[in-house]
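Here is the structure we will look at.
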Amino acid sequence: MALPAKYNAQTTEEKWYNYWMNNNYFHSEIDDREPYTIVIPPPNVTGVLHMGHMLNNTIQDILIRRARLLGKNACWVPGTDHASIATEAKVVAKLKAEGINKEDLTREEFLKHAWEWTHKHGGIILEQLKKLGASCDWQRTKFTMDPEMSASVIKVFVDLYNKGFIYRGYRMVNWDPQAKTTLSDEEVIYKEQQGNLYYINYKIADSDKTLTIATTRPETILGDTAICINPNDERFRHLKGKRAIVPICNREIPIIEDEYVDVDFGTGCLKVTPAHDENDKMLGDKHNLEVIDIFNDDATLNSFGLHYEGKDRFTVRKEIVEELKQNGVLEKIESHLNKIGTSERTGAVIEPKLSDQWFLKMKDLAQPALDAVLNKEVNLVPEKFVNTYRHWMENVRDWNVSRQLWWGQQIPAYFYGDGKEDFVVAETIEEALKLAQEKTNNKNLTTTDLNQDPDALDTWFSSWLWPISVFNGILEPNNPEINYYYPTNDLVTAPEILFFWVARMIIAGYEYRGEKPFTNVYLTGIVRDKQRRKMSKSLGNSPDPIELMNKYGADGVRVGMLLSSPAGNDLMFDEDLCKQGSGFVNKIWNAYRLINGWTVSKTKQATETDKIAIQWYQNKFQKALAEIDDYFNKYRISDALMTSYKLLWDDFCSWFLEMVKPPFGEPIAQETFTNVIAILENNLKVLHPFIPFITEEIWQHIKTRDANEALIIASMPQKTAFDNKLIKEFEFASQVISGIRTIRKEKNISFKNAINLSVINIENASTQFDTVIKKLGNIDELTYTKEKLEGALTFRVKSNEYFVPVSGAINVEEEITKLEEELKYTEGFLKSVQGKLKNERFVNNAPENVVANERKKEADAQSKIKILKARIKGLR
RNA sequence: GGGCGCAUAGCUCAGUUGGUUCAGAGCACUUGGUUUACACCCAAGGGGUCGGGGGUUCGAAUCCCUCUGCGCCCACCA
């Protein structure tokens, strides 16, 4: 059947994706085979595909398709994350645009809007992944707020509370004044910012003296409840036991002493604001200081802000500096570089704030997860992340799991009174009531007396269960699915979420399954542009993946993504790489067009060239297969692709096909053709994980197979031993062919003109590739001789000398110069080898085989020099 | 401030436990080639003091020290 000259990626890719889907090839069910499981890092439900997803999911699809071809029961579970803060922010913004304030809605009303939004915009990203070719088991698609997923989260919260791991604490937390919620430490991004250090004079009570403090946040002086000095600081001995007066509000505060204060920083006097700084809180607790919170939830000042009440903190900073200046208490302003925390989601500057929140004790839970990585039950790839992981786990801090949001799992804590301890934790309100009745000894308590904590749980508190909950392993810990598919095999994700997610999944795995959640964690790099900038929406430097796939085909983009992304290293994305990818697809297409165009003869015998070519390629293929296998074991996917790429392009197309290609107009022997097809099929299998569409297209086009089996579910070629000697001999022959080509080029001898070739075979090179040399070099007669051929062009491969007799004079001077250059090089080489051998310490200390090798090199060089000298002499 | 990592060709990167004249790949570049699959092609080439300096060793891109320049993670200096 004739093939179109141009491969149409668009229509072909859509065709085969539908075919795979219709035949249910992505779906996995429990059977006798060994399972191979990957759970997708669930993207935000309302997100759209970006280049990071492309890289990530390309790798996952390669792994899953390869496992499928290797005969495993491959199961790739897809799904999405409710992304509480990000999604809620989007919904709030959308409502605002419609003139609706979240504050004016009830929780139920707001959630209705949120679900509408989710249903409208959710899952787009999963559809986009299909275009990439992702062979996920879509029947298993999960969402972190599916009923049983949420129920798992609630069950785990209650369980951890009952085990004493979860507690409620009044603590300094990271407050995002824009989203009006707390954040975990990991959600705070520190940025360097050029700010100022303000020096402010405080009056000392009952004295006309002052003291000067330095602060970066002058607006917080209204919340000051002490001044702290170092007890060892001689300069401030006179301040001991005194009191100071806060400017503007004229409040009298104590001067306390603590060695925490750095004598060398600022003025050595520290103002203490326990409500708005973690260290100040520590000092406050230690010295029993009053706590004055001066901010509202949106970081405007409250009534403690006096005449600044209602104004934003940054506005107040400017205005208060003015006022201090006018009052003459502003000593000076210095420029100061400091780090400020910002919200990962909203970008707002974080305000440390004291509030009641829920925390998870991490220390004990983290231990098995730390051990698992250290003793390699769980492998991090690349390994350098082990150190980072260990450091974090050894210093892990308690996890603030509550968020002042509505979108997410509501915390199953029920309050029945105003006291700090007047609450119970239970999976349902009925159970809560029972517990509350017991706790209060009040049988008259009803559900209307119970108020559920309005806060929702951190998104990561649901996603840390992902590898378990997608198989319903929390609610039904003994169901067959979880027992079969868990632990999963590989996790492919970005290093940015190593702590957010990966570490916590390992923790949850050990706590709830007593077992690791996955064996290998492959951490991909960050996708950057050519200027090394991280690709992001705000910079506008990220190409649209869908457009890329429209332009280069999904196969082309997959290859493009991989061509330069070793694990853990950032990937400098360059659209040209996709072009190279589609070029590769085109190359395969054309190779098949060639083969498909041959006429096959049942009577014609396979030629000697055919036979040796097939024998060589089969060995070469096995060698490549072993290499590819090794690369996959090391998660060096790009290298595995490059090996497959060169195998197809160089070995298969440039060498093999050229060898077996029948002369123009002639048919190919049936036997040879059958072998060519088998070899092509093996290549398609190897390439399928990388470029699934073009390979399936060609596979399906070949009509010679027995069963109507799809490539996606075929079996990888069996690995066998290979003859490395044969491969080496071919390399030698290919160098002879290169030599002929060079001569042709230098002397302007067209390939169409056949030439003769004579050889003095000192290396005793094998003759089995002679017909190949004749065919690819267009050699008429290939003869072996003992005598050099005068007046012929010459070249050498190792120590063999090749002669091409030509009519017309050769340039003797040119020949001599060439020979002399080679002689000089060889003599230099010999000298360096002999230098080594003359060195007694080398001969005595180096291993025997190394010395023997040097001796062989010496002998080879000596004989080569002899030949070269004779040759030069002959020419003169 | 603490910890980890990187520096090899114009670009992106390989280079196992020191041992072939070990300096390599892909892309890019130069030159030549198209009636017979592919110019998204074929062939032949050029190109690096392995960041600087010192040391260990018979021998260093590889091990040690140091300097320089980057990157990442963690951390409560107002």
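Just so it is clear, the values below take in all heavy atoms, side chains as well, and ignore hydrogens, waters and symmetry mates. Quantities reported herein were computed from a predicted structural model and do not represent experimental measurements. Numbers restart at 1 for each chain; the letters A, B, ... are given by sequence-line order, proteins then strands.
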- Message: Would you compute the distance between atom CD1 of A/Ile702 and atom CD of A/Glu697 and round it to the nearest 0.5 angstrom?
- Response: 10.5 Å
- Item | Integer angstrom distance from the C1' of B/rU66 to that of B/rG19 | 27 Å
- Message: Salt bridge check, A/Arg171 against A/Asp398: does any charged N sit closer than 4.0 Å to a carboxylate O?
- Response: yes
- Considering only atom P, compute the distance from B/rG45 to B/rU21 and round it to an integer number of Å. 22 Å
- Task: Run the salt-bridge test on A/Glu658 and A/Lys661 with the 4.0 Å N-O cut-off and return the result as yes or no.
- Result: yes
- Nearest whole angstrom, please: distance from the P of B/rG19 to the CG of A/Asn844. 21 Å
- Task: Kindly say if A/Arg636 contacts the phosphate of B/rG15, meaning a side-chain N or O under 4.0 Å from OP1 or OP2.
- Result: yes
- Which nucleotide, B/rU36, B/rC13, B/rG26, lies nearest any side-chain atom of A/Met572? B/rC13
- Item | Straight-line distance of A/Lys551 NZ to A/Gln10 CD, nearest 0.5 Å | 12.5 Å
- Query: For A/Asn586 and B/rC40, what is the distance between atoms CG and C1' respectively, to the nearest whole Å?
  - Reply: 5 Å
- Going 5' to 3' through nucleotides 72-78 of chain B, assign each nucleotide B (protein heavy atom under 4.0 Å from a base atom), S (under 4.0 Å only from sugar-phosphate atoms) or - (no protein heavy atom that close). -SSBBBB
- Message: Go nucleotide by nucleotide along RNA chain B from the 5' end; which of A/Ser582 and A/Tyr592 gets its closest nucleotide reached first?
- Response: A/Tyr592
- Note on the structure: Ranking A/Lys579 and A/Met642 by the position along RNA chain B of their nearest nucleotide, the one closer to 5' is A/Met642
- Roughly how far apart, to the nearest Å, are B/rU36 and B/rA61 at atom C1'? 48 Å
- Query: To the nearest Å, how far apart are A/Glu854 CD and B/rU20 P?
  - Reply: 8 Å
- Inter-nucleotide C1' distance (B/rU31, B/rC70), Å rounded: 38 Å
- A/Ile637 CD1 to B/rG26 P: how many Å, rounded? 21 Å
- Paired and unpaired positions of RNA chain B as dot-bracket, Watson-Crick or G-U wobble under 3.5 Å, | denoting a partner strand: (((((((..((((.....[....)))).(((((.......))))).....(((((..]....))))))))))))....
- Task: For nucleotides B/rC42 and B/rU62, find the distance between their C1' atoms and express it as a whole number of Å.
- Result: 38 Å
- Taking the side chain as every heavy atom from C-beta outward, state whether A/Val272 and A/Asp277 have any pair of such atoms under 4.5 Å apart. no
- Whole-Å distance separating the CG atom of A/Leu594 from the P atom of B/rC38: 9 Å
- Task: Starting from the C-alpha separation in whole Å, work towards a yes-or-no answer on side-chain hydrogen bond (donor to acceptor under 3.5 Å, both in side chains) for A/Asn596 and A/Arg593.
- Result: CA-CA 5 Å; A/Asn596 188 57; A/Arg593 279 214 303 143; over 6 Å; no
- Indicate yes or no: at least one non-hydrogen side-chain atom of A/Leu562 is less than 4.5 angstrom from one of A/Arg558. no
- For A/Lys752 and B/rU35, is the shortest distance between a side-chain N/O and OP1 or OP2 below 4.0 Å? yes
- Taken in chain and number order and not counting sequence neighbours, the residues that satisfy side chain to side chain donor-acceptor pair (under 3.5 Å) with A/Glu351 are A/Arg217, A/Arg313
- Classify the angle between the aromatic ring planes of A/Tyr592 and A/His701 as parallel (below 30°), tilted (30 to 60°) or perpendicular (above 60°). perpendicular
- Message: Less than 4.5 Å apart, side chain to side chain, heavy atoms only: is that true for A/Ser734 and A/Trp655?
- Response: yes
- Message: Can you measure A/Tyr7 atom OH to B/rA37 atom C1' for me and round it to whole angstrom units?
- Response: 16 Å
- Given side chains that start at C-beta, do those of A/Lys620 and A/Phe656 come closer than 4.5 Å, heavy atoms only? no
- Message: Could you tell me how far apart A/Ile865 (CD1) and B/rU21 (C1') are, to the nearest whole angstrom?
- Response: 13 Å
What N/O pairs connect the protein and nucleotides 42-45 of chain B at under 3.5 Å? Give each pair on its own line.
from, atom 1, to, atom 2, distance (Å)
B/rC42, OP1, A/Lys587, NZ, 3.1
B/rC42, OP1, A/Trp649, NE1, 2.5
B/rA44, OP1, A/Ser738, OG, 2.7
B/rA44, N3, A/Lys745, NZ, 3.3

Output one line per pair: protein atom, nucleotide atom from nucleotides 57-59 of chain B, and distance, for all N/O pairs under 3.5 Å.
from, atom 1, to, atom 2, distance (Å)
B/rC58, O2', A/Asn839, ND2, 2.7

- Message: Give me the distance, rounded to whole Å, that separates B/rA7 from B/rC13 when you measure between the C1' atoms they each carry.
- Response: 12 Å
- Task: Specify whether A/Phe795 and A/Tyr802 have parallel, tilted or perpendicular ring planes, treating 30° as the upper limit for parallel and 60° as the lower limit for perpendicular.
- Result: parallel
- Non-neighbouring partners of A/His336 that pass ring pair (Phe, Tyr, Trp, His ring centres under 6.0 Å), sequence neighbours left out: A/Phe265
- Task: Determine the Euclidean distance between corresponding C1' atoms of B/rG54 and B/rA60; express it in Å to zero decimal places.
- Result: 14 Å
- May I ask you to test the A/Asn174-A/Glu187 pair for a side-chain heavy-atom distance under 4.5 Å? no
- Item | Whole-Å C1' distance, B/rU68 and B/rG10 | 23 Å
- Once you round it to whole Å, what is the distance between P of B/rC38 and CG of A/Leu3? 13 Å
- Message: Are there over 12 heavy-atom neighbours, none belonging to A/Glu383, within less than 6.0 Å of that residue's CD?
- Response: no
